[in-house]
Each structure stands twice: as C-alpha cells, then as structure tokens.
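Have a look at the structure below, then the notes.
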Amino acid sequence: MHAVILAGGKGVRLRPYTTALPKPLMPIGERHAILDIVLEQLAAQGFTSVMLAINHLGSLIRAFVGDGSRWGLEVEYVEESVPLSTVGPLFTVKEDLPEHFLVVNGDLLTDLDFAGLLGAHRMSGTPLTIATAPQNIKMEFGVLDVDADRVVGFTEKPTYRHRVSMGIYGMSRKTLDPYPPGLSFGFDRLVQDLLRQGEFPNSYDFDGVWLDIGRPEQYDEANRRFGELEPILLPARSGAAA
C-alpha cells in the first residue's frame, strides 16, 4: 500500500514555532515529532511506500526522514518550486502513483484505520473517499428565521453538528487525469469539480481521536494529553514496552 503525506505547508497559524520547524516536525510529548507518529502508524498498518510532498523547510524533513528505512518504509519526495496547494503536488507525479493510494495531511494526529480507509475506497468504486468526523459548531449569535421580512423564529446561540473533512483521503489515480502538472489546486476545488460532474465522493465515517495540529489550541491539547493519547496512537509500541 502507498501513501502520500502532504508536508509542504508554511504553518502560519503556528508561528513563531514554524519559522524554525515545518509543521510535521513539531514535537509531541518527549520523544516524538508528528511525522514520526504518522510514519510509524502507516508502517504498522501494512503500508510499504510513502511519498512526501515538501516545500517549506523541506530540507529539514528530508534530513529527519531520509530514505524511510528507520520505519521500514520506502520514502521518496516531490518538492514544490512554487506552492501548489493540497492536490497540486500530485499532478506532477501522477504517473508514478499506484491505481489507489492514501493521501494524508502531515499535521494530524489520529487513530484512524488508514488501511481500512484505503480498502473501503478500493471497494467503493468512487473517485475519492473522504475521512469525516463529527464536529459541533457553536454560533456566537442568536439565529433568526426570517420570512418575507418577518422574524418567524429565534434560537439563542445554537450548536450545529456536521461531518467535516479530516484531511485524509483515499484516491484513485484516474481522478487526477484531467489536471495538468504545475497547477495550484486544493481539495476543496477537487470535491467541487466531482460534485458538478455527478461523481460523488464516498464518506468514511470516524468518531475516534482526531487532532489538527495546525491549530494552536489542538497542538497544546495534544501535548497536554499525550500520556493518555500515546497508547491509542501507537498501540504496537506501547504493547512492546509493556
């Protein structure tokens, strides 16, 4: 199984930390970087090869990961000369990708079954499978229902529950075919294109641990809770230690 890790972002929300370190190398706990955890999880779940899409401080990621042998993985790199957003880097290397592969943002901590997601994607026949998680979104204002200039309903600061993208995807190589190399292109535009074409992505529902380390409050939470999270995120290592 093959995975692409998107590790080229500038980490603007985590400045000033990310002026010296790329987001995937931000430390978690006393012994880990985020990328270390993701690579270990992939190896434990049967992935054998990884492509790292790098840009900002990419030389540090190369130095940390090397050829991937530390995790038992074969690692190669695609380096952007200009920012290509989240899907754009894949257009450059689409001929080198397998028929189906995983794509994961390099600044996430989750106990999602990556192999299960990719297997479900293969079986679905859809062009894209999106890992989704429930999220509560609380409005800061009272919400009015208005009909013909009349207020017909009112809810004080309601909370809405939606499923949101986790930044982890199962993808098929043919999904990339229409797009030329060098195009700056995000997953939002890809999903919108697929919806317009009636090619509806599949949802892989998940309710476990999911922390977006690109958000400062979740980075702080991950470090605060890492003693509790480590055996969940890295069960194989925790079992060996026991």
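This one's a predicted model, so the numbers in the text were calculated from it and none came from an experiment.
- Phe154 approaches Gly142 most closely through the heavy-atom pair CE1-CA, 3.8 Å.
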For Lys174 and Leu176, run side chain to side chain contact (heavy atoms under 4.5 Å, CB included): C-alpha distance rounded to whole Å, both residues' side-chain angles, the deciding distance at 0.1 Å, then the answer. CA-CA 5 Å; Lys174 65 182 181 181; Leu176 306 175; over 6 Å; no

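- No side-chain donor-acceptor contact under 3.5 Å links Ser85 to the backbone of Val87.
- Remark: Phe101 engages no residue in a ring pair (Phe, Tyr, Trp, His ring centres under 6.0 Å) (not counting sequence neighbours).
- By the 6.0 Å contact criterion, CD on Glu228 is enclosed, its count of non-hydrogen atoms from other residues, nucleotides or ligands being greater than 12.
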Are Leu233 and Val209 close enough, and set up right, to give a side chain to side chain contact (heavy atoms under 4.5 Å, CB included), and what steps lead you there? CA-CA 8 Å; Leu233 298 172; Val209 174; 4.3 Å; yes

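- The pair Asp145-Arg150 does not meet the salt-bridge criterion, since no charged nitrogen lies less than 4.0 angstrom from a carboxylate oxygen.
- Taken from CG in Asn202 to OG1 in Thr129, the straight-line distance is 4.5 Å, to the nearest 0.5 Å.
- The two atoms that bring Ile5 and Gly106 nearest to each other are CG2-CA, 3.7 Å, heavy atoms only.
- Counting heavy atoms from C-beta outward, Lys138 and Lys157 have side chains that approach closer than 4.5 Å.
- A donor-acceptor pair is defined here as one N or O able to donate and one able to accept, closer than 3.5 Å; no such pair exists between the side chain of Tyr219 and the backbone of Asp212.
- In this structure, the separation between OG1 on Thr110 and CD1 on Ile168 is 5.0 Å, given to the nearest 0.5 Å.
- Rounded to the nearest 0.5 Å, atoms CG (Leu194) and OG1 (Thr175) are 6.5 Å apart.
- Summarising the geometry, atom CG belonging to Leu90 is positioned 11.5 Å from atom CG belonging to Leu183; distances are rounded to the nearest 0.5 Å.
- For Asn105 (side chain) and Asp107 (main-chain N/O), no donor-acceptor pair under 3.5 Å exists by modelled atom type.
- Side-chain atoms of Thr132 and Ser203 form a donor-acceptor pair, as typed in the model, at a separation below 3.5 Å.
- One distance of note links CE of Met26 with CG of Asn223; it measures 8.0 Å at 0.5 Å rounding.
- For the pair Ser165 and Tyr169, the tightest heavy-atom approach, listed with the atom from each and the gap, is OG-OH, 3.2 Å.
- Side-chain contact between Val65 and Val50: absent, with no pair of heavy atoms (C-beta onward) separated by less than 4.5 Å.
- Looking at heavy atoms from C-beta onward, Asn55 lies out of side-chain contact with Glu79 at the 4.5 angstrom threshold.
- Under the ring pair (Phe, Tyr, Trp, His ring centres under 6.0 Å) criterion, His100 pairs with His121, not counting sequence neighbours.
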Apply side chain to side chain contact (heavy atoms under 4.5 Å, CB included) to Leu234 and Glu40, showing your working. CA-CA 8 Å; Leu234 297 170; Glu40 188 160 334; 4.0 Å; yes

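- Formation of a donor-acceptor pair under 3.5 Å by the Arg62 side chain with backbone atoms of Tyr77 is not found in this model.
- Using a 4.5 Å heavy-atom cutoff, the side chains of Leu102 and Leu42 are in contact.
- At least one donor-acceptor pair under 3.5 Å links the side chain of Arg173 to the backbone N or O of Leu97.
- Judged by distance alone, the side chain of Gln45 and the main-chain N or O of Ala115 form a donor-acceptor pair under 3.5 Å.
- You'll find the side chain of Asp36 reaches within 4.5 Å of the side chain of Arg70, heavy atoms only.
- No donor-acceptor pair under 3.5 Å is formed between the side chain of Glu199 and the backbone N or O of Leu128.
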One pair to check against side chain to side chain contact (heavy atoms under 4.5 Å, CB included): Thr48 and Met1. What are the steps and the verdict? CA-CA 6 Å; Thr48 57; Met1 292 186 290; 5.8 Å; no

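- Using a 30° and 60° split on the angle between ring planes, Phe47 and Phe114 fall in the perpendicular class, above 60°.
- Inter-residue side-chain proximity for Tyr179 and Arg189 is flagged as unmet; no heavy-atom pair is nearer than 4.5 Å.
- For the residue pair Pro158 and Tyr160, the shortest heavy atom distance occurs at CG-OH, 3.4 Å.
- Taking each heavy atom of Gly116 and Tyr204 in turn, the nearest pair found is C-OH, 3.5 Å.
- Once rounded to the nearest 0.5 Å, the distance linking CE of Met51 with CG of Leu6 reads 11.0 Å.
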Check the pair Glu230, His32 against side-chain hydrogen bond (donor to acceptor under 3.5 Å, both in side chains), reporting the backbone distance first and the verdict last. CA-CA 10 Å; Glu230 184 174 13; His32 303 285; 3.2 Å; yes

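- Of the listed residues (Val38, Leu35, Leu108), just one forms a side-chain contact (heavy atoms from CB on, under 4.5 Å) with Pro24, and that residue is Leu35.
- Ion pair Lys94/Asp177 not flagged as a salt bridge, since none of the NZ, NE, NH1 or NH2 atoms sits closer than 4.0 Å to an Asp/Glu carboxylate oxygen.
- Annotation for Ile28 and Ala222: closest pair CD1-CB, 4.1 Å, computed over non-hydrogen atoms.
- A heavy-atom distance below 4.5 Å is found between the side chains of Leu84 and Thr92.
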Can you list the steps and then say if Arg196 with Asp193 is a salt bridge (Lys or Arg N to Asp or Glu O under 4.0 Å)? CA-CA 5 Å; Arg196 278 193 295 269; Asp193 277 1; 2.2 Å; yes

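- Residues Leu112 and Trp210 fail the side-chain proximity criterion, which asks for heavy atoms closer than 4.5 Å.
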